[in-house]
There are 2 protein chains.
Amino acid sequence: MVRSRKESISACAARLFRKRGYQATSMRDIAEAESIKAASIYNHFKSKQEILSSLLLRMARLFTQGMQTVKTSGADPVGQLEQLIRLHVRLTIEHTDAIALIAGEWIHLEEPHLQEYRRMRDSYEAEFKEILNEGKQQGLLRDLATDIALFSMLSSLRWLYSWYSRNRDYPAEKLEEEMIATLLGGIKA
Amino acid sequence: MVRSRKESISACAARLFRKRGYQATSMRDIAEAESIKAASIYNHFKSKQEILSSLLLRMARLFTQGMQTVKTSGADPVGQLEQLIRLHVRLTIEHTDAIALIAGEWIHLEEPHLQEYRRMRDSYEAEFKEILNEGKQQGLLRDLATDIALFSMLSSLRWLYSWYSRNRDYPAEKLEEEMIATLLGGIKA
DNA sequence: CAACAAAACTAACGTTTGTTAGTTTACTAT
DNA sequence: ATAGTAAACTAACAAACGTTAGTTTTGTTG
């Protein structure tokens with residue numbers, strides 16, 4: 001499989017943005033890692049900002065699509081939560097660098113990308129919360145402060161990239177099961 | 001209570017570093033927010049880097065001291081975990097901006113501060129893990145992958161500042177109890 | 001082989017940045 | 001009052017940044 005120069009720049013930028021931060025990574029840094037000159041990047045991206053926004057919005061779209069799949073799966077709330085955990089684990093493994101940017105680097109998005117990103121993130125979290133509430137209502141989840149449970153789950157899932165980076169040999173399947181046990185074990189009725 | 005200019009600059013920088021990131025915050029930004037000129041900051045700090053490192057190392061020291069208090073308290077492992085959760089909640093409430101920097105901005109620390117920060121963080125996490133292992137050994141905690149449970153708890157605690165910023169009116173006492181229920185509920189035997 | 005487009009290059013621009021040097025103002029202690 | 005220190009100021013520099021313009025190389029297509 002041949003990876004286009006554009007994709008290669010994207011992956012490279014994701015790695016550097018993650019390691020040093022968006023602002024601390026210069027176009028010259030990215031170019032050097034690609035063995036080209038900074039000006040050449042502008043044949044593929046119209047700005048540094050576009051590199052960041054394309055990375056973040058792609059991840060946001062993958063999560064949004066994943067949520068749609070889960071909600072139309074017909075599973076009960078607990079089953080849906082399991083599917084969401086698997087979604088996070090898989091995206092984390094497949095896009096470790098890009099997903100790391102979700103934790104902090106999204107603040108460097110400029111308009112109109114920032115608004116779009118926030119909208120998708122907020123929708124995702126709202127739908128996640130809905131599933132938790134439904135589970136509680138159906139008696140499948142024990143009584144708990146929904147927004148604290150939500151924030152707690154999302155924190156762990158958001159941070160997973162960091163743990164996975166230090167444990168790359170951990171089998172995906174096993175990681176999914178452990179995450180489900182850890183995150184759902186405490187809230188199931 | 002009079003807050004010295006130095007403390008005022010620290011608090012101001014923490015707020016800006018959190019909002020825009022360390023690299024994206026200029027000395028002129030901090031100065032303007034303090035209604036002084038950038039050069040005047042150098043009467044209180046010898047560099048921008050020193051502002052960041054003083055903020056982060058202070059928080060690291062507070063956590064290290066808290067851990068020491070907990071370990072010498074004589075409580076059983078579950079009691080110690082409860083105390084640690086309370087520690088995180090309190091420090092989060094008292095130092096919301098500075099604690100937010102722990103999530104991502106520490107990567108901008110330069111040597112030798114970076115090494116010192118990492119050492120304290122790693123020690124803290126190792127001692128946290130020890131308590132989990134002891135709890136498991138004493139049959140107080142159910143069987144689980146210790147490092148995944150550890151990472152999951154720390155993720156939630158690290159992210160707490162974000163939730164708290166959107167829910168500043170939530171009573172501290174109640175937040176402590178909810179966090180204990182959510183984080184320990186799933187792992188107690 | 002000729003023609004064209006894609007993608008690399010060199011060179012330079014205007015800004016912004018952290019920091020320094022030197023000077024002036026404000027406050028405090030004798 | 002005066003001396004001395006702390007903390008503000010003005011002015012400037014050298015480096016690094018994102019980006020642009022214009023040119024050359026590379027690769028493909030008729």
Side-chain angles (χ1 to χ4, degrees), chain A residues 1-57 101 104-114 117, chain B residues 1-57 101 104-114 117:
Chain A
M1 171 202 163
V2 278
R3 191 165 62 163
S4 75
R5 185 30 72 82
K6 183 164 184 175
E7 290 168 43
S8 177
I9 292 173
S10 261
C12 184
R15 200 179 65 248
L16 291 174
F17 288 166
R18 175 192 173 180
K19 189 175 178 182
R20 314 183 195 170
Y22 173 73
Q23 292 269 1
T25 303
S26 71
M27 293 297 271
R28 287 165 179 87
D29 290 336
I30 301 170
E32 194 181 11
E34 284 283 304
S35 301
I36 59 177
K37 299 294 173 182
S40 304
I41 298 178
Y42 289 85
N43 284 317
H44 305 278
F45 294 91
K46 74 171 202 288
S47 67
K48 182 183 174 188
Q49 171 71 197
E50 200 199 48
I51 304 179
L52 179 69
S53 64
S54 70
L55 284 166
L56 278 170
L57 291 177
L101 306 179
E105 300 301 318
W106 65 268
I107 61 167
H108 297 112
L109 284 175
E110 298 164 9
E111 300 298 359
H113 307 301
L114 180 56
Y117 177 81
Chain B
M1 170 200 164
V2 277
R3 190 164 64 163
S4 75
R5 189 23 79 79
K6 185 166 184 176
E7 290 168 40
S8 177
I9 292 173
S10 262
C12 183
R15 200 180 63 247
L16 291 174
F17 289 166
R18 174 190 175 181
K19 189 175 177 181
R20 314 183 195 169
Y22 173 72
Q23 293 269 1
T25 303
S26 71
M27 293 296 271
R28 287 166 179 84
D29 290 336
I30 301 171
E32 193 181 11
E34 283 282 306
S35 302
I36 59 177
K37 300 293 172 180
S40 303
I41 298 179
Y42 290 84
N43 285 316
H44 305 278
F45 294 91
K46 75 171 201 286
S47 67
K48 182 184 174 188
Q49 172 70 196
E50 201 198 49
I51 304 179
L52 179 69
S53 63
S54 71
L55 284 167
L56 279 169
L57 291 177
L101 306 179
E105 300 303 318
W106 64 270
I107 61 168
H108 297 112
L109 283 175
E110 298 164 10
E111 300 297 359
H113 306 302
L114 179 57
Y117 177 81

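A, B, ... follow the sequence lines: proteins, then strands. Residue 1 opens every chain.
Between A:R5 and C:dA8 there is a side-chain N or O to OP1 or OP2 distance below 4.0 Å.
Atom CZ in B:R28 sits about 12 Å away from atom P in D:dT10, given to the nearest Å. Rounded to whole Å, atom P of C:dC9 lies 6 Å from atom CD1 of A:I36. Nucleotide C:dT19 holds its C1' atom 16 Å from the NE2 atom of B:H44, rounded to whole Å. One atom, OH of B:Y42, and another, P of D:dC9, lie 14 Å apart when rounded to the nearest Å. Atom C1' of nucleotide D:dA7 and atom NZ of B:K6 are separated by 13 Å, given to the nearest angstrom. Put simply, NE2 on B:H108 is 15 Å from P on C:dT17, counting in whole angstrom units. Residue B:D29 contributes atom CG, which lies 14 Å from atom C1' of C:dT15 at whole-angstrom precision. Note: NZ (B:K37) to P (C:dT20) measures 20 Å, nearest angstrom.
Distance check: A:H108 NE2 to A:L101 CG gives 11.0 Å after rounding to the nearest 0.5 Å.
When heavy atoms are screened at a 4.0 angstrom cut-off, A:S40 is found touching base atoms of the nucleic acid.
Rounded to 10 degrees, the angle separating the terminal axes of the helix from C:dC1-D:dG30 to C:dT30-D:dA1 is 20°, with each axis obtained from five end pairs.
Annotation: side chain of B:I36 is in contact with side chain of B:R5 (closest heavy-atom distance under 4.5 Å).
Of the possible donor and acceptor atoms, one in the side chain of A:E50 sits under 3.5 Å from a partner among the backbone N and O of A:K46. Side-chain N or O atoms of A:S8 include none that pairs as donor or acceptor with a backbone N or O of A:S4 at under 3.5 Å.
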Does the pair A:R20 and B:Q23 meet the rule for a side-chain contact (heavy atoms from CB on, under 4.5 Å), with working shown?
CA-CA 10 Å; A:R20 314 183 195 170; B:Q23 293 269 1; over 6 Å; no
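Across all their heavy atoms, A:S47 and A:Y42 have their closest contact at CA-CE2, 4.0 Å.
No hydrogens or angles considered: nothing links the side chains of B:N43 and B:S40 as a donor-acceptor pair under 3.5 Å.
Residue side chain A:N43 does not reach the base of C:dA6 through any donor-acceptor N/O pair under 3.5 Å, judged by distance alone.
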